[in-house]
Amino acid sequence: TPGTLGMSHSDADLWTYNDTLSYISRLADTLYGYDLNFNKYPRFIVDAGKYKLKKDMSNVEESAILQGTRIFENNRLLICQMIMRHSDRVKFNPSGSRIGTIVFDKLKSQTLLLPCAVEDKFRGSFENDLDNGAPFRVMATCGNKMYQIISALDFISLADKYNSPKMKEIAAGLNDESDPVLVAVTLK
């Protein structure tokens with residue numbers, strides 16, 4: 001099951017997974033963990049270089065911010081988002097999108113930066129470049145699967161808008177009483 005995320009009034013977030021307490025600050029490019037003696041150690045580093053946000057936020061338009069409110073972790077994956085405000089964001093996200101979803105595969109020790117949708121309605125979702133389906137917003141992870149829940153009417157509307165044969169096939173069997181629709185993505 002996914003870990004538990006706790007948000008604070010500061011620029012940092014905490015979450016737990018498998019008895020590990022982790023920490024992320026928007027002022028840093030590193031996700032930290034804590035050992036049993038509450039000593040902090042680095043778990044995951046995103047090389048945002050000079051684009052790290054300063055404490056006084058004087059460089060907010062030239063910064064890259066790790067978004068702790070979009071953390072998902074399980075035995076296989078660690079997923080978070082990075083908001084990039086600087087003009088050189090293509091360096092981190094070839095799509096040029098302001099938001100990127102970072103997926104770290106723990107088993108393969110590989111990191112991917114997935115392009116995210118730029119439409120306001122789908123902000124924080126990553127683009128579906130496999131079958132031209134609607135953007136996907138991760139709500140939970142388990143094993144090598146990611147999940148989201150969407151209303152049946154929204155799913156039908158999205159199937160009309162996007163040219164995905166699979167979405168159109170599923171939407172044809174839905175009606176307003178089919179709520180909720182569970183969408184699953186399997187990572188390979």
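For the single chain, residues carry numbers from 1 onward in sequence order.
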**Study point:** Heavy-atom side-chain proximity of F155 to I170 below 4.5 angstrom
**Key:** yes
Check your understanding: Aromatic ring centroids of F44 and F104 under 6.0 Å?
Key -> yes
Study note, to complete from the structure: Taken in chain and number order and not counting sequence neighbours, the residues that satisfy side-chain hydrogen bond (donor to acceptor under 3.5 Å, both in side chains) with T111 are none
Exercise for review: Supply the atom-to-atom distance L158 CG to S164 OG, rounded to the nearest 0.5 angstrom.
Suggested key: 10.5 Å
Review point. Does some side-chain heavy atom of I102 sit less than 4.5 Å from a side-chain heavy atom of L112?
Key: no
Study note, to complete from the structure: Across all chains, not counting sequence neighbours, the side-chain hydrogen bond (donor to acceptor under 3.5 Å, both in side chains) partners of N163 are none
Exercise for review: Mind checking the CD1-OG1 spacing from I24 to T30? Nearest 0.5 Å is all I need.
Suggested key: 9.5 Å
Exercise for review: Rounded to the nearest 0.5 Å, what's the gap from OH on Y162 to OG on S157? Could you check?
Suggested key: 9.5 Å
Study note, to complete from the structure: Quick note, salt bridge (charged side-chain N to carboxylate O under 4.0 Å, His left out) partners involving residues 32-45, not counting sequence neighbours, are R43-E73
Exercise for review: For residues D105 and L107, report the shortest heavy-atom separation together with the two atoms involved.
Suggested key: OD1-N, 3.0 Å
Point to revise | Pairwise side-chain contact, R76 with K108, heavy-atom cut-off 4.5 Å (strictly under) | key: yes
**Study point:** Rounded distance (nearest 0.5 Å) linking atom CG of N132 with atom NZ of K166
**Key:** 15.5 Å
Check your understanding: Got a second to check how far L113's CG is from M82's CE, nearest 0.5 Å?
Key -> 5.5 Å
Review point. For L21 and Y34, what are the C-alpha separation, side-chain angles and deciding distance, and is it a side-chain contact (heavy atoms from CB on, under 4.5 Å)?
Key: CA-CA 6 Å; L21 180 64; Y34 289 93; 4.0 Å; yes
Practice item. State, with a plain yes or no, whether a side-chain heavy atom of L77 is found less than 4.5 Å away from one of V103. Key: yes
Review point. Can you tell me how far the CG atom of L153 sits from the CG atom of N175, to the nearest 0.5 Å?
Key: 8.5 Å
Point to revise | Minimum-distance pair of heavy atoms, taken over all atoms of G173 and S178 | key: O-OG, 4.4 Å
